[in-house]
Amino acid sequence: MTNEQIANRFDTLADLLEFDGANSFRVRAYRNAARTIRDMGDPLATMVDQNEDLTKLDGIGDDLAKKIVAMVNTGKLQQLDDMLEKIPASVLAILRVPGLGPKKAAVLYKELKVTSLDQLERACVAHRVKELKGFGAKTEETILKGIKIAAAADDRTYWAKADLVVQDLLKHLKGCKSIERLEPAGSYRRGKETIGDIDLLSVSTDAQEVMDRFAEFPLVEETIARGDTKMSVRLDTGLQVDLRVVPAESFGAAMQYFTGSKEHNVRVRSIAKQKGLKVNEWGVFRVADNGEETYVVGQEEAEVYAALDLPWFPPELREDREEFRWAESGKLPDLIVESDLQGDLHMHTHASDGSNSLEEMVAAARERGLKYIAITDHSQRVSMANGLDGDRLLEQWKMIDEFRKTIDDDFQVLKGIECDILEQGGMDLPDEVLAQADWVIGSVHYGQNQSKRQITDRIVGALENPHVCMIAHPTGRLINVRPPYEVDLEEVFQAAIANKKFLELNAASKRLDLNDVYCAAAKQRGIPIVINTDAHRTEGLLQVRYGILQARRGGLTKSDVANTRSWADMQKMLGR
DNA sequence: GCCGTTTTCGGCCCGACTGTTTTCAGTCG
């Protein structure tokens with residue numbers, strides 16, 4: 001059983017317990033445990049096999065440790081099965097309706113026997129919901145609207161897509177004269193690969209003017225809420241945007257609060273409490289014995305952290321994973337930035353499925369300030385993408401040799417190939433061809449539904465091939481499209497170490513694997529990461545920023561990423 | 001259900017907004 005599966009069961013159990021009216025802190029304990037497990041680099045199953053003490057993990061006590069051991073050994077979580085006897089799992093869909101929490105959902109279930117979104121819709125249409133105690137006509141209407149949102153809300157928004165909306169929103173709001181400061185916050189600012197909603201924060205002396213302007217944003221479909229300082233809207237895409245207007249002396253505190261994550265903030269506030277301070281979105285306050293509160297700081301985010309003896313945390317690290325431990329030991333990593341990258345070692349041309357020529361890709365890379373690139377078209381197995389056979393590839397490399405003669409500075413164009421790792425194992429091109437390359441990428445494109453053993457053996461086999469330098473997109477997942485293939489990443493990590501090979505962080509906005517957690521795990525094991533764009537056209541090189549965000553979320557520094565070095569130094573790392 | 005350099009019991013972050021209510025519970029982030 002994988003960490004993801006164990007975490008999912010705890011989360012489901014938490015949802016059911018909440019629905020059932022359980023103590024909210026108990027519910028939170030299950031959710032905290034699920035998060036810890038999801039964030040771990042090491043498989044729990046291995047820890048159980050080796051009889052390791054699970055209670056040393058954050059948020060795992062005796063009880064949950066026993067439950068994990070039982071799950072690993074039997075595949076069952078008895079308590080979850082018991083709850084599912086009592087409450088059908090379909091009621092959990094009801095909890096996804098905006099405005100419906102566990103209390104109201106429980107009333108609907110108990111009073112009207114509602115167990116699915118369909119039944120809920122029928123109950124609303126028949127006006128049976130507004131008759132319930134604590135419900136009214138407005139609530140019924142909200143639920144009816146919310147059902148459609150819940151049904152459509154399976155996909156989260158790609159960061160790249162949210163970025164376009166954010167930029168438009170900022171431009172639109174800047175038309176409002178009273179705005180002194182305006183910044184995006186939330187998961188967008190933390191650079192998460194997908195975001196749930198957009199959070200904006202502004203300083204203004206006239207909140208109502210800002211909100212009026214906000215309401216005029218052309219994509220606004222409806223206003224969900226509007227008060228003195230806070231307004232929420234839903235765009236026509238279904239995406240929710242929250243806007244908060246605060247006074248200047250609270251901007252830093254509000255940024256801190258609004259950026260989250262929730263878990264990071266819980267930790268911050270509990271640290272404040274131990275120091276006799278209180279942190280909210282309005283500032284840091286000293287709490288006297290008589291309960292009286294005095295404002296300490298709040299204008300700048302760094303001041304808020306400093307008041308708690310904490311360093312300013314880059315937003316990408318604010319997940320309550322390692323950041324507080326790093327801060328305590330003074331080892332907060334100096335995260336990589338885009339300008340640290342010297343090369344891009346994964347891109348396509350019109351020789352296979354790219355849209356631009358070699359010359360155009362080189363020109364674009366130069367414009368991006370890169371020092372070297374590798375041309376890595378697909379190999380023959382990827383026939384759909386017009387993949388290259390040995391002859392065509394050698395032809396292309398001859399062309400690159402010719403092109404190199406025209407370069408009058410130290411820019412380097414490497415002869416590369418994205419070579420498929422075949423379904424039955426082995427590489428898609430003969431060794432004598434690969435041996436002539438500067439840079440060979442091993443990729444899985446076919447047979448993604450194979451067993452864990454098969455997939456893992458294929459990738460490990462590729463890492464053992466002396467010509468292969470790196471494995472591209474090692475988990476194959478496409479965000480919102482398909483899950484990662486079954487691969488034992490720990491084995492892949494060990495093979496990468498043993499063979500001195502690199503693993504890719506593919507910057508394409510729908511890939512971004514390795515993800516943040518796996519980046520951190522690779523770093524911990526000393527495996528160099530290569531951040532590549534996998535560009536299929538010149539504009540594709542711009543995607544590098546998404547990869548940088550993911551790398552930063554994984555805590556990677558300049559030295560953790562191989563292509564921040566010169567090509568000569570990278571070759572040394574490969575033992576050449 | 002977790003956790004402990006005050007604690008093995010009694011805490012567990014904090015505030016805005018809405019709707020249905022007459023003073024607040026529920027939801028959300």
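Everything numeric in this text was worked out from a predicted model, so none of it was measured. All chains are named by letter (A, B, ...) in the order of the sequence lines, taking the proteins before the strands, and each is independently numbered beginning at 1.
- Note on A:Thr55: every side-chain N or O is 4.0 Å or more away from OP1 and OP2 of B:dC3.
- Distance CZ (A:Phe285) to P (B:dC13): 19 Å, rounded to an integer number of Å.
- Within the 4.0 Å cut-off from OP1 or OP2 of B:dC14, not a single side-chain nitrogen or oxygen of A:Trp282 is found.
- Protein atom CD of A:Glu222 is 13 Å distant from nucleotide atom P of B:dT18, rounded to whole Å.
- When rounded to the nearest whole Å, the span between CD1 of A:Ile271 and P of B:dG4 equals 14 Å.
- The distance from atom CG of A:Asn32 to atom P of B:dC2 is 11 Å, rounded to the nearest whole Å.
- The salt bridge (charged side-chain N to carboxylate O under 4.0 Å, His left out) test with A:Asp516 singles out one residue from A:Lys523, A:Arg321, A:Lys192, A:Arg38, and that residue is A:Arg321.
- When both pairing distances are held under 3.5 Å, B:dC9 makes a Watson-Crick or G-U pair with B:dG4.
- Look at the C1' atom in both B:dT7 and B:dC12: the space between them is 14 Å, to the nearest Å.
- Other residues, nucleotides and ligands contribute only 12 or fewer heavy atoms inside 6.0 Å of the CG atom of A:Asp334.
- Whole-Å rounding puts the A:Asn23 CG to B:dC9 P distance at 18 Å.
- Looking only at distances, a side-chain donor or acceptor of A:Arg482 sits under 3.5 Å from a matching main-chain atom of A:Gly476.
- When the C1' atom is used for both B:dT20 and B:dA25, the distance is 9 Å, rounded to whole Å.
- Checked against B:dC13, B:dG1, B:dC12, the side chain of A:Lys273 finds its nearest nucleotide in B:dC12.
- In this structure, A:Arg28 reaches the bases: a heavy-atom distance under 4.0 Å links it to at least one base atom across the strands shown.
- Note on A:Ser24: nothing from the nucleic acid sits closer than 4.0 angstrom, heavy atoms only.
- For A:Asp63 and B:dC2, the CG to P distance is 5 Å, given to the nearest whole Å.
- Note on A:Ser232: every side-chain N or O is 4.0 Å or more away from OP1 and OP2 of B:dC17.
- The side chain of A:Lys278 sits closest to B:dG15 out of B:dC12, B:dG15, B:dG19.
- Remark on DNA chain B: of its neighbouring residues A:Asp62 and A:Met231, the 5'-side contact belongs to A:Asp62, judged by nearest-heavy-atom nucleotide.
- Here A:Asn265 does not reach the OP1 or OP2 of B:dC13: none of its side-chain N or O atoms lies under 4.0 Å away.
- Distance CE (A:Met211) to C1' (B:dC17): 11 Å, rounded to an integer number of Å.
- If you check every strand for non-hydrogen atoms under 4.0 Å, A:Lys67 touches sugar and phosphate atoms only.
- Across B:dC13, B:dC2, B:dC17, the shortest atom-to-atom separation from the side chain of A:Ala225 is found for B:dC17.
- Nearest to the side-chain atoms of A:Asp228 among the listed nucleotides B:dC17, B:dT20, B:dG1 stands B:dC17.
- The gap from the C1' atom of B:dG26 to that of B:dT21 amounts to 13 Å, rounded to the nearest Å.
- Heavy-atom neighbours of A:Tyr518 OH from other residues, nucleotides or ligands within 6.0 Å: at or below the threshold of 12.
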Worked check of salt bridge (charged side-chain N to carboxylate O under 4.0 Å, His left out) between A:Glu222 and A:Arg234
CA-CA 5 Å; A:Glu222 61 161 333; A:Arg234 196 173 307 284; 3.6 Å; yes
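- Residue contacts for A:Val279: at a heavy-atom cut-off of 4.0 Å it reaches the sugar-phosphate backbone alone, with no base atom in range.
- Sorted by first then second residue, the ring pair (Phe, Tyr, Trp, His ring centres under 6.0 Å) pairs that include residues 215-246 of chain A, not counting sequence neighbours, are A:His172-A:Phe217.
- Atom P of B:dC3 sits at a distance of 14 Å from the matching atom of B:dC13, rounded to the whole Å.
- Contacts of A:Ala185 with the nucleic acid, taken as non-hydrogen atoms under 4.0 Å apart, are absent.
- For the pair A:Arg318 and A:Trp326, the cation-pi criterion (under 6.0 Å, within 45° of the ring axis) is not fulfilled.
- Listed pair A:Lys130 / B:dT20 fails the phosphate criterion, with no side-chain N or O lying under 4.0 Å from OP1 or OP2.
- Nucleotides B:dG1 and B:dT5 are separated by 24 Å at their C1' atoms, to the nearest Å.
- A:Glu193 pairs with exactly one of A:Arg477, A:Arg553, A:Lys510, A:Arg552 by the salt bridge (charged side-chain N to carboxylate O under 4.0 Å, His left out) rule, that one being A:Arg477.
- The separation between A:Gln274 atom CD and B:dC3 atom P is 15 Å, rounded to whole Å.
- Between A:Trp159 and A:Tyr188, the ring planes are parallel. Angles under 30° get that label, and only those over 60° would be called perpendicular.
- Between A:Leu57 and A:Arg226, the residue anchored closer to the 5' end of DNA chain B is A:Leu57, taking for each the nucleotide with the nearest heavy atom.
- The side-chain hydrogen bond (donor to acceptor under 3.5 Å, both in side chains) test with A:Glu319 singles out one residue from A:His264, A:Arg190, A:Arg35, and that residue is A:Arg190.
- When the nucleotides B:dC14, B:dG19, B:dA16 are ranked by their closest atom to the side chain of A:Thr229, B:dA16 comes out on top.
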With B for base contact, S for sugar-phosphate-only contact and - for none (protein heavy atoms under 4.0 Å), nucleotides 21-29 of chain B reads -----SSSB
